[in-house]
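Encoded as C-alpha cells, the structure appears first; notes follow it.
Since the model is a prediction, treat every value here as computed from it, not as a measurement. So you know, we letter chains A, B, ... as the sequences are listed, proteins then strands, and number each from 1.
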Number of protein chains: 2
Amino acid sequence: MQKEHNLSKNQKIIFDLIDKSGGPMKAYSILFNVQKKGIKAPLQVYRALDKLVEIGKIHKIESRNAFIACQNSSCQVSKATAFSICESCENVSEISNSKLSKYLSNFSDSSGMKYSKYNLEFFGLCKKCKSK
Amino acid sequence: MQKEHNLSKNQKIIFDLIDKSGGPMKAYSILFNVQKKGIKAPLQVYRALDKLVEIGKIHKIESRNAFIACQNSSCQVSKATAFSICESCENVSEISNSKLSKYLSNFSDSSGMKYSKYNLEFFGLCKKCKSK
DNA sequence: TAACAGTATGTAATAATATAACATTTATAA
DNA sequence: TTATAAATGTTATATTATTACATACTGTTA
Ligand SMILES: [Zn+2]
Ligand SMILES: [Zn+2]
Ligand SMILES: [Zn+2]
Ligand SMILES: [Zn+2]
C-alpha cells in the first residue's frame, strides 16, 4: 500500500508538469515552464524535485540530469530503479521487471557492503529508432 | 585482448592522476591538480576525460559526477559497468562479477529495445562505515 | 617529401546544473 | 495555544560542462 503524501503547492505544480510531459524533464526546463505559476527561482524547483525524489513520485535519470515521473505505482521510494534510455531519440522508460528487481535487490558480494539502494540505466535503441 | 591505446600527453597526465588517486575524482579537482603540469582550462580536462571514458580506461560515476580508473582489466569500453558506492564515506569500487554482468548483458524485455550498454550503481554502507 | 586527414591542443567566453545563506510563512500536532 | 517541522521566497554564488575558433601534432598515402 502506497503511503499518500499530500504534496505542497510547489511540489504539486512541478509533479503535474513532469507527469503530464510523459518523459524526462530537466530542472531549468521545468523552471521555465512554471514561471507563469509563480515559481521563479531554481531553488524552488530543486527543493520540490528533492522531495518528490525522496517520496518516490519521480526519479532522477542520472546520466541525463533529468527527472521523470514514476511509472511504477508501487515505487514508494527511489531505492530500486531501472530505466531504458534510447540514445537516439532520448526516450526514457522505467523498467518494472520483478525478476530483475528481485535479482538486484538480493545482490550481494564478498565486499562486505550492505546494499540498500540501486539505480540501473540501460542504453540502446528503441524500436522506432532501430528501424530507421 | 585489450587494445593498446597510446594516450596523448594530456590524456596520460589525467589518467595517471585519477589512477593514482585510487578513487573517484571530480573534473575541477583534476583541473586543480594538473595546473602545475600546464593544463589550465576545463575543456582540456573534459576532452581527456571524454576520450578516456570512450576507450574504457576510466568510467564516470554518474550519480557523483566523478571519474574513476577502471579496476577491471578486461573493460575495453565503458559499456557494461557496475559500481558500489558507500553513502557515508563515498568510497567507490567497480564490481566485477561475471554472473551479474552476464545477467545484465543478456537482459531483454518486451519493449523492443535493443540494449547495448548499461550502468549500474549500488548504494549502501561499506564494511567500515557499517560498524561505526 | 608533400599533401592530407584525423586527432589533439590552447584559449576565452559562456551555458547548464546545483547549492548556500537567510528571512518568512504555512501546516501539523501535542 | 504553542511548539515544531516543513515549505516557501529571494539573492547570490558554486559547480559542472560546452561552444567557438585558432593552431599544432601524428600517421598515412601520393
Ligand atoms: Zn518508479
Ligand atoms: Zn529512439
Ligand atoms: Zn571497468
Ligand atoms: Zn564507507
OP1 or OP2 of D/dT8 versus the side-chain N and O atoms of A/S8: is any pair under 4.0 Å?
yes
Side-chain N or O of A/K26 versus OP1/OP2 of C/dT17: is the shortest distance under 4.0 Å?
yes
Check whether any side-chain N or O of A/K51 sits under 4.0 Å from OP1 or OP2 of D/dA7, and answer yes or no.
yes
A/I39 CD1 to D/dT8 P: how many Å, rounded?
8 Å
5'-most by nearest nucleotide on DNA chain C - B/K9 or B/P42
B/K9
B/N65 vs D/dA17: side-chain N/O to OP1/OP2 distance below 4.0 Å:
yes
B/Y46 atom OH is separated from C/dT17 atom P, nearest whole Å, by 13 Å
Might you confirm whether atom NZ of A/K130 has over 12 heavy atoms from other residues, nucleotides or ligands at distances under 6.0 Å?
yes
Within this structure, what is the CD1-to-C1' distance between A/I14 and D/dA7, rounded to whole angstrom?
12 Å
For atom NZ of A/K79, decide whether the heavy atoms of other residues, nucleotides or ligands shown that lie under 6.0 angstrom number more than 12.
no
What is the ring orientation for A/F107 with B/F122, classed by angle as parallel under 30°, tilted 30 to 60°, or perpendicular over 60°?
parallel
Verify whether one side chain among B/N10 and B/S8 offers a donor that lies under 3.5 Å from an acceptor in the other.
no
Distance criterion of 3.5 Å, no angle test: do you see the side chain of B/Y28 paired donor-to-acceptor with the base of D/dA14?
no
CA sep, side-chain torsions, deciding dist, call: B/E121, B/R64, salt bridge (Lys or Arg N to Asp or Glu O under 4.0 Å):
CA-CA 10 Å; B/E121 298 180 1; B/R64 298 300 186 260; 5.8 Å; no
Does a side-chain N or O of B/N10 approach OP1 or OP2 of C/dG10 to a distance below 4.0 Å, or not?
yes
As a test of reading the structure: which of C/dA21, C/dT9, D/dA17 is closest to the side chain of B/K60, going by heavy atoms?
D/dA17
Atom-pair distance (CG on A/L31; C1' on C/dT19), nearest Å:
15 Å
Given C/dA8, is OP1 or OP2 found less than 4.0 Å from the side-chain N or O atoms of B/Q11?
yes
When you measure from the side-chain N and O atoms of B/Q44 to the phosphate of C/dG10, is any distance below 4.0 Å, counting only OP1 and OP2?
yes
Rounded to the Å, how far apart are B/R47 CZ and D/dT18 P?
12 Å
Any base atoms under 4.0 Å from A/K12, or only sugar-phosphate, or nothing? Heavy atoms, all strands.
nothing
Nearest whole Å is fine: how far is D/dT11 C1' from A/L43 CG?
10 Å
Provide, to the nearest angstrom, the distance between the CD atom belonging to A/Q35 and the P atom belonging to D/dT10.
12 Å
Rounded to whole Å, please give me the gap between CG in B/D50 and P in C/dT9.
12 Å
